[in-house]
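Taking it in order: structure first as structure tokens, then the write-up.
Order of the sequence lines fixes the chain letters, A, B, ..., with proteins taken first and strands second; residue numbering starts at 1 for each chain. Worth saying up front: this structure is predicted, and the values here are computed from it rather than measured.
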Amino acid sequence: MDGQAAVTLTGVTKKFGEEVTAVDDVDLEIRDGEFFSLLGPSGCGKTTTLRMIAGLEFPTDGSVQIFGEEMGLRPPNKRPVNTVFQSYALFPHMNVEQNVGFGLRMQKVEPSEIARRVAEAIDLVRLSGMEKRAPNALSGGQQQRVALARALVNRPKVLLLDEPLGALDLKLRQTMQLELKDIQHEVGITFVYVTHDQEEALTMSDRIAVMNEGKLAQVGMPEEIYGSPVSLFVAGFVGDMFFLPGEVAEAGAVRLAGGQIVRAKTSSSPGTAVTLTLRPEMIHLYASSSELPPDRNTLDGTIARKIFYGDSMFYEVDVGVVGSFDVRVENAPSMRRWEVGDSVVIDFHPESATALAE
Amino acid sequence: MTLNQGAAARPWVDRILAINGWLVFAFLYLPILVVIVFSFSASPNVGIWGGFSLHWYDRMFGNEQLMNALRNSLWVAAWSTVISTVLGTAAALAIDRYRRWLGRGVFDAVLYLPVIIPDVTMAVMLLMWFTQVNITLGRLSIILAHIAFNISFVAIVVRARLANMDPAMEEAAADLYASRWQAFRRITLPLIMPGVLGGGLLALTLSLDDVVITSLVQGPGSATLPVYVFGLIKRSVTPEINAVSTLMLAASIILVLASLAFQRRGERSG
């Protein structure tokens, strides 16, 4: 990652008709060599953004640059990018080899060169031996690899992927996630990856742009997005999260609905209504606050329900008006067991709690 | 198991249904069979078997008027099929491509109209139009009339094919450096080809079979085969007509089967 911009979006807006604004004034810089994800719920504008980079849609306003070059109204066949489509869009009347070689044939590359590069690409996605197969004689995962090879064989400066793993089952998806990451390392080009699956984005990306209603909600590394969400939308969309209503009591302290004062990261001024966000894995249960290290946040509660899950125990802890917490505790032999009705103390570190205003 | 037991308990229901099925088939196909059989009869009387003979086929091929009608039919069918297939395919592509186009619904309705309105109405409309713009009634007016109704059929068949096509196909071609023309030539056209061929064969069949419209827009000496046969029947039914009918039936069956085969093959590969 040398920091050079592979794709630069400046004030990019896309309107469909008068009413629908799919992408709203997006500024984004994707660096060279990066695995960059556009993450968001369906209809958030992530696919439209990708299509504008590909040239399949043109911005209503703003500019798209690829390695410093203004794309304007340049059609997709004149852009140094290739796309892996969500439906793969493999040509059914061509075999694997012909599909992969299509882009090179259109660019009038020498036949011997085409043969060499096609073989190389098919080898890269580990489909050797399947060259003569028709696309519909392949499994979903294999079709996905053909689509990948068909795009990569052209050595694009940027590879665009539109939910490429969406049609695969969970197990295959996880294998392909790792494989995609490996391939990206091997070819060393910029990947722009559209997904609605936050886990996928977290595990694969160097950086993530979370989108909502056509706007960028947050851009950052997976750890930043997960650990320090800047808005309630990002907090709720990425990972599991507890939301506790309250208000800022003083700098770095929040008063919860039950009057308890806890310390948390906040940038809002005292008196502001905020929502305290808290990751479930940051919560621990103790019998009393005397067992705790100093400087921790505590809330008193009662065990309302317990469920045995084999590898873990699930407890629902009732904390009065503040709400109830679902806590999962791993079943290690040293772990304390609680019974319904037991009084417990919920503990969390001030650094793991963020108070966000609306 | 339960189903099998039920069927075994009421075998007579099955038997009645089977008999009904055979009766329906007999009702539909016996008359056709009669025509075919008597086309090979040596007797000059229709309906009386006079031993096997190819006499009527021989007479048919020697009938100058009939042969002229056959030539007219083939000429009209060939031109109207080629032109309506090209125009119908273009229309289907245009309607499919510009989904957001204002007035697409109207265009749609207009396209379906020739399929829906009665042949007689269409024939009268065309006849009036031909007189208005001074087109001499003859082969040309018949070809134009056949194109007019065939475009719709071709467009409908091709559109069904296009509707099943992933719109990302053309985008993928463009993304892989194909120009618009290359994308159409290398991707879209091969993928809709079964629909185009199927639509074309349908057009050919309809053109060869049409009586009502053709008989109103024909000119002297331009009668097509079915129109000529229709005229013959008004005078007398001869075994010669049986021979003509048998050949037309064979040609129609071959065309329809070919049309179906193309569309089927397309479904599998699509």
Enclosure of [X] [atom1] (heavy-atom neighbours >12, cutoff 6.0 Å):
| X | atom1 | answer |
| --- | --- | --- |
| A:R74 | CZ | yes |
| A:R116 | CZ | yes |
| A:F67 | CZ | yes |
| A:E213 | CD | no |
| A:K181 | NZ | yes |
| A:E110 | CD | no |

Exercise. Identify which part of B:A173 has an atom lying under 4.5 Å from any heavy atom of chain A, answering side chain, backbone, both or neither.
Key: both
Quiz item: Any donor-acceptor pair under 3.5 Å linking the side chain of A:N82 with the backbone of B:D175?
Solution: yes
Quiz item: Okay, side chain of A:N77, backbone of B:A178: is any donor-acceptor separation there less than 3.5 Å?
Solution: yes
Heavy-atom closest pair, residues [X] and [Y]:
| X | Y | answer |
| --- | --- | --- |
| A:A89 | B:M169 | O-SD, 3.9 Å |
| B:Y177 | A:R79 | CE2-O, 3.8 Å |
| B:D166 | A:S87 | OD2-OG, 2.6 Å |

Quiz item: Can you tell if the side chain of A:H93 reaches within under 4.5 Å of the side chain of B:I187, non-hydrogen atoms only?
Solution: yes
Quiz prompt | B:R186 CZ to A:F91 CZ distance, which is reported to the nearest 0.5 Å | solution = 10.0 Å
Quiz item: Which distance, rounded to the nearest 0.5 Å, do you find between the CD of B:E171 and the CZ of A:R51?
Solution: 4.0 Å
So for [X], is it side chain, backbone, both, or neither that comes closer than 4.5 Å to the heavy atoms of chain B?
| X | value |
| --- | --- |
| A:L104 | neither |
| A:R150 | both |
| A:F85 | side chain |

Self-check item: chain A contacts, top residue of B:P190, B:A172, B:A168, B:A183 (heavy-atom pairs, under 4.5 Å)
Solution: B:A172
Self-check item: salt bridge (Lys or Arg N to Asp or Glu O under 4.0 Å) involving A:K108 - partner list, sequence neighbours excluded
Solution: none
